[in-house]
Amino acid sequence: MVSVAILGAAGGIGQPLSLLLKLNTNVTKLNLYDIVNVPGVAKDVSHVATNSEVTSYLGPAQLAAAVTDIDLAIIPAGVPRKPGMTRDDLFKINASIVKGLVEAIAENSPKAFIGIISNPVNSTVPIAAEVLKAKGVYDPKRLFGVTTLDVVRASRFVRDIRPEIDSAGLRVPVVGGHSGNTIVPLLSLASTKVDLSQKEVEELTHRIQFGGDEVVQAKDGAGSATLSMAYAGSRFADSIIRALNGETVVEPTFIPLEADAEGAKEIRALGAGDLEFFAVPVELGREGTKRIVPLGSVTEFESAAIKVAAEALASNIATGVNFVKSSSA
């Protein structure tokens, strides 16, 4: 059984994510932390008839307690993306939030798995890594950027043009990062073969890459993807929990490639080069990243997209690393 903390539990993602993880019967303790409104969220969720114990933690004074003796921390904390706002625009606000939360995890549950939802993931995961390194507790196998929403969208969007496909059972590996053209769906490697024209591949790829914009525009300034992100975050958390319980689980996620240096050679050769972080399909185990799952052959279109993603990611990663270095100087 597993103890989970959701940091940012009162927000647009945090509330539905809290509900979904309360429904997960493998969770025994659910710690909900935020700087506002979390006592009400926790009380509400605690009435759901599953066996996990829900506790609220409000404000910085209670943060350490929220992340003490936990197995998994999921971090959706931060501000949402608004119309016209890029993930880079989010950086200045969310970077400090993530840094502070990860410092608390490092000090109170240094062996915990950390799944970061807070955008821009391409930069906030490197921030977390630098914080953990500074605290002397960095384990690249236990740090993850949650890119599951890209995988979920890929499965769903394929079904939108091929209604005979079961989107729940379809797995499309998505590599790269978690914004715009850093997202590279490998449609040619879908778990069920899908015959697509080149035009369909290009249109689907673009829609998967910029699917978040559909939600931002449809909400007309009222926020970004929250419900679908909560679903994706819950699925990722469940994958970690199942792996902790001994199951073999594969989930694409944005990881430090040093977590499996040998397995990373393939994606490096495909275009990731010497990048420290990249989203790849990962086999999860009791200690976190067990191995990077080999991809196999990709198309020329996909290969070119990986190279484009890597170029953008280099800057995103550097932004995260430099933030921590400059703030600790």
Side-chain angles (χ1 to χ4, degrees), residues 13 17 74-76 80-81 86-88 90 115-125 144-161 165 167-192 194 196 200-216 224-240 249-255 257 267 270-272 275 277-282 284 292-293 295 298-299 301-302 305-310 312-313 316-317:
I13 296 169
L17 178 59
I74 299 291
I75 307 179
R81 194 156 59 106
T86 67
R87 283 181 167 82
D88 285 339
L90 294 179
I116 297 181
I117 293 173
S118 307
N119 278 316
V121 166
N122 296 352
S123 300
T124 53
V125 173
F144 307 91
V146 181
T147 58
T148 314
L149 183 52
D150 304 324
V151 181
V152 167
R153 284 178 174 147
S155 299
R156 176 63 231 189
F157 294 171
V158 167
R159 192 185 189 281
D160 284 347
I161 64 171
I165 296 287
S167 62
L170 182 67
R171 291 291 184 268
V172 177
V174 181
V175 301
H178 185 55
S179 67
N181 62 7
T182 70
I183 300 167
V184 184
L186 303 178
L187 294 161
S188 71
L189 300 179
S191 58
T192 299
V194 185
L196 299 167
E200 287 174 323
V201 167
E202 292 175 9
E203 289 175 348
L204 264 177
T205 296
H206 186 272
R207 189 181 178 205
I208 294 162
Q209 289 176 329
F210 297 95
D213 292 348
E214 293 183 16
V215 181
V216 170
S224 57
T226 53
L227 300 175
S228 55
M229 184 63 247
Y231 163 74
S234 174
R235 182 172 121 175
F236 177 80
D238 184 61
S239 293
I240 292 285
V249 187
V250 174
E251 197 73 67
T253 174
F254 187 68
I255 62 164
L257 292 179
I267 196 67
L270 285 171
L275 290 178
F277 301 88
F278 215 77
V280 285
V282 171
L284 300 165
I292 295 172
V293 178
L295 293 169
V298 300
T299 67
F301 175 79
E302 291 164 346
I306 289 171
K307 292 177 174 64
V308 169
L313 274 169
N316 298 159
I317 293 166

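No experiment lies behind these values; they were computed from the predicted model shown.
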Steps toward side chain to side chain contact (heavy atoms under 4.5 Å, CB included) verdict (I255, V282): CA-CA 9 Å; I255 62 164; V282 171; 3.7 Å; yes
side-chain hydrogen bond (donor to acceptor under 3.5 Å, both in side chains) partners for [X], two or more places apart:
X	value
R207	D160, E214
T299	E302
N181	none
S228	none

Tell me, please, which residues at least two apart from [X] pass side chain to side chain contact (heavy atoms under 4.5 Å, CB included).
X	value
A154	V172, V174, I208
T205	P185, L187, V201, Q209, F301
E200	I161, R162, L196, S197

Got [X] and [Y] here, is their nearest side-chain heavy-atom distance under 4.5 Å?
X	Y	value
L189	V298	yes
L270	V175	no
P281	P173	yes
I117	L17	yes
F278	L313	yes

Write down the atom of [X], the atom of [Y], and the distance for their closest heavy-atom approach.
X	Y	result
R153	A225	NH2-CB, 3.6 Å
G177	D150	O-OD2, 3.8 Å
A310	A272	CB-CA, 4.2 Å
T253	G145	OG1-O, 2.8 Å
S118	T124	O-OG1, 2.8 Å

Candidate pair I240 and L284, rule side chain to side chain contact (heavy atoms under 4.5 Å, CB included), full reasoning: CA-CA 7 Å; I240 292 285; L284 300 165; 4.0 Å; yes
From [atom1] ([X]) to [atom2] ([Y]), nearest 0.5 Å:
X	Y	atom1	atom2	value
L275	I317	CG	CD1	4.5 Å
H178	I116	NE2	CD1	12.0 Å
I183	H206	CD1	NE2	11.0 Å
I306	L295	CD1	CG	7.0 Å

Check: V216 main-chain N/O paired with S224 side-chain donor or acceptor under 3.5 Å: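 Side chain of S224 to backbone of V216: no pair is present.
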Worked check of side chain to side chain donor-acceptor pair (under 3.5 Å) between N122 and T182: CA-CA 9 Å; N122 296 352; T182 70; 3.3 Å; yes
Salt bridge (charged side-chain N to carboxylate O under 4.0 Å, His left out): pairs with one or both residues in residues 227-239, sequence neighbours excluded: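 Pairs touching residues 227-239 that pass the test: R235-E251, D238-R242.
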ring-ring contact (aromatic ring centres under 6.0 Å, His included) partners of F144, counting only residues at least two apart: F236
